[in-house]
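A short worksheet on the structure shown next.
Reminder, nothing fancy here: chain letters follow the sequence lines and each chain counts from 1. Every value quoted in this text rests on a predicted model; they were computed, and no experiment measured them. These values consider heavy atoms only, across backbone and side chains, with no hydrogens, waters or symmetry-generated copies.
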Protein chains: 2
Amino acid sequence: MKQSQPRPVAKQSVENQTTDNLREFILSGSVQPGARLTEVALADQMGVARATLRTGLQRLASEGIVVQIPYTGWQVADLSVDDVWELWTLRASLESLAAKLAAQSPDPAVREHIANAYDALLAACRRGNMKKISDCDFALHRVIVESAGHSRLARQYQLVEQQVRLYIATSNNVAEGPDDIMEQHRPMAEALLAGDADRAAHEAWQHSESEGKRLLAWLREKASP
Amino acid sequence: MKQSQPRPVAKQSVENQTTDNLREFILSGSVQPGARLTEVALADQMGVARATLRTGLQRLASEGIVVQIPYTGWQVADLSVDDVWELWTLRASLESLAAKLAAQSPDPAVREHIANAYDALLAACRRGNMKKISDCDFALHRVIVESAGHSRLARQYQLVEQQVRLYIATSNNVAEGPDDIMEQHRPMAEALLAGDADRAAHEAWQHSESEGKRLLAWLREKASP
DNA sequence: TGGCGGATGATTGTCGACAATCGGTTATCT
DNA sequence: AGATAACCGATTGTCGACAATCATCCGCCA
């Protein structure tokens, strides 16, 4: 019986806990991009010393989530349209590399995981449940990145995703129909399942690029009413 | 007369100075990969409080230059062959994106800067001065990355370069002849100067990949005598 | 009234001291 | 003699206090 054992303690320094909690707080959309954060208030709210909190803030600054204003305060990063373009092109480049490496992988489990994730996306699209589609879309991308077997790539991808999430959590994303989503993912998924590395890289780039272009067009339209 | 004015003070916090000095110290090869660093000794040597030094170490940890061992000490990052592969593939992907964006740039100055840097590399190769060749090779790559007009890309490229430099500064790099270096850079440079974005991206990837493969082969041979 | 300089409050930057943890050594038990 | 537990020194983790900086406000002068 599992209940006969106490739960193991997940040891984590206060610095790391503080950093993780702060990151989650910001990425959850609880504060707006551009919002000012002060060490004194946050340290008080989080029940830690200010120096401990500074470690967290500096970590989040290196992740691009906050910006340090010396002697004045900190701000939640506010992404311009150019910033979004940079993040999206970077993400596309990383996805392209991930797709190439995943397609090259000799491990049959890789092919299987990607096929399962793609099938789940197709099933969600046929059911038309947009929340489920979004989840499966995200899951497919994550499986591809994890299948690349490249820890730095996965880490960079996560950092870029975080920053994109910071922006999108405070904006309504452009909605798309299930048929479009299926069609967009088909060439990339086929290349991946066929083990065609160059085509997988190319199609992953095309997919990300078209997605990014649509988002940028929407942002520009929103910025000029 | 310039001498009639005192030199302006470059204001920089002690935290940032400490971080920069520490980074330079490590990247200069003064300490070996895997070497243990302690906060007490470094803070004493650098004449700052330990907490100030911690800021620097944590920053360098996020850059991949040092590794934190909780309650024990810090280590200069020691790159395995797999690490080098990861850094090299990441670098190739970033260079490929930079080449694509630079080739797409409508600004004629971009074309001119790349042409100048390529000409300098060719001239150095004809003279056969290996130090000069190395400098021009590096300069060409840097011009391409800067020409992409993508600050995050430039930043990521620099971070990857730093880590590669950490490793190579302590190893003898594989020497290559001037003719080979000229030949390797020709397809990429031609595509860039022709404004052919897709070919520039492809050739940049090919160039970086072949360079990385040769380094990895050399490392694997060195690891098994 | 407008501009400039100084003061002030709010914040961050830096410091040294105390608390927590780890790895190695020594002592004790079987 | 080998295994285990306790101890200890060296280090990092965390804290609160003092120092430095910035932006804003107020007062003064032309």
Side-chain angles (χ1 to χ4, degrees), chain A residues 6-26 30-78, chain B residues 6-26 30-78:
Chain A
R7 189 181 317 164
V9 177
K11 291 170 64 173
Q12 191 176 21
S13 69
V14 177
E15 278 177 341
N16 284 339
Q17 290 176 60
T18 303
T19 305
D20 290 348
N21 288 4
L22 191 55
R23 185 191 292 112
E24 185 53 42
F25 172 66
I26 295 172
S30 304
V31 279
Q32 296 282 76
R36 182 168 177 252
L37 304 174
T38 65
E39 297 176 7
V40 172
L42 284 175
D44 188 48
Q45 287 157 20
M46 298 179 88
V48 296
R50 197 163 60 74
T52 307
L53 176 82
R54 274 178 73 76
T55 301
L57 280 167
Q58 276 153 355
R59 176 65 185 275
L60 296 194
S62 77
E63 293 178 18
I65 296 177
V66 297
V67 176
Q68 183 177 23
I69 321 285
Y71 290 107
T72 304
W74 302 72
Q75 285 189 339
V76 179
D78 194 0
Chain B
R7 190 182 315 165
V9 176
K11 291 170 65 171
Q12 193 177 20
S13 71
V14 178
E15 278 177 342
N16 284 339
Q17 288 176 59
T18 303
T19 305
D20 291 347
N21 287 2
L22 191 55
R23 184 190 295 112
E24 185 53 42
F25 172 64
I26 294 172
S30 304
V31 279
Q32 296 282 76
R36 183 168 177 250
L37 303 175
T38 66
E39 297 175 8
V40 173
L42 283 175
D44 187 49
Q45 287 158 20
M46 297 180 88
V48 295
R50 199 164 58 74
T52 307
L53 177 81
R54 274 179 73 77
T55 301
L57 281 167
Q58 276 154 353
R59 177 64 189 275
L60 296 193
S62 77
E63 293 180 17
I65 296 177
V66 297
V67 177
Q68 181 176 21
I69 321 287
Y71 290 108
T72 305
W74 303 71
Q75 285 189 340
V76 179
D78 194 358

- Message: Nearest to the A:Arg50 side chain among D:dC18, D:dC15, D:dT14, which nucleotide is it?
- Response: D:dC18
- Task: Specify the separation, in whole Å, of atom CZ of A:Arg59 and atom P of D:dG13.
- Result: 13 Å
- For atom CD1 of A:Ile69 and atom P of D:dA23, their distance in whole Å: 9 Å
- Between CD of A:Glu15 and P of D:dT12 the distance, given in whole Å, is 12 Å
- Task: Round to a whole Å and report the spacing from CZ of B:Arg54 to C1' of D:dT14.
- Result: 9 Å
- Message: Rounded to whole Å, how long is the line connecting atom CG of A:Leu57 with atom C1' of C:dT12?
- Response: 11 Å
- Item | Distance in angstrom units between B:Asp44 CG and D:dT12 P, rounded | 13 Å
- Message: In this structure, how many angstroms lie between the P atom of C:dC22 and the OH atom of B:Tyr71, rounded?
- Response: 7 Å
- Message: Which is more 5' along DNA chain D, the nucleotide nearest A:Val14 or the one nearest A:Thr72? Just name the residue.
- Response: A:Val14
- Message: Heavy-atom nearest nucleotide on DNA chain C for A:Lys11 versus A:Trp74: which residue maps closer to 5'?
- Response: A:Trp74
- Item | Which residue lies more 5' along DNA chain D, comparing B:Thr38 with B:Ala51 via nearest heavy atoms | B:Thr38
- Determine which pairs satisfy salt bridge (charged side-chain N to carboxylate O under 4.0 Å, His left out) with at least one residue from residues 34-43 of chain A, sequence neighbours left out, and list them in order. A:Glu39-A:Arg50, A:Glu39-A:Arg54
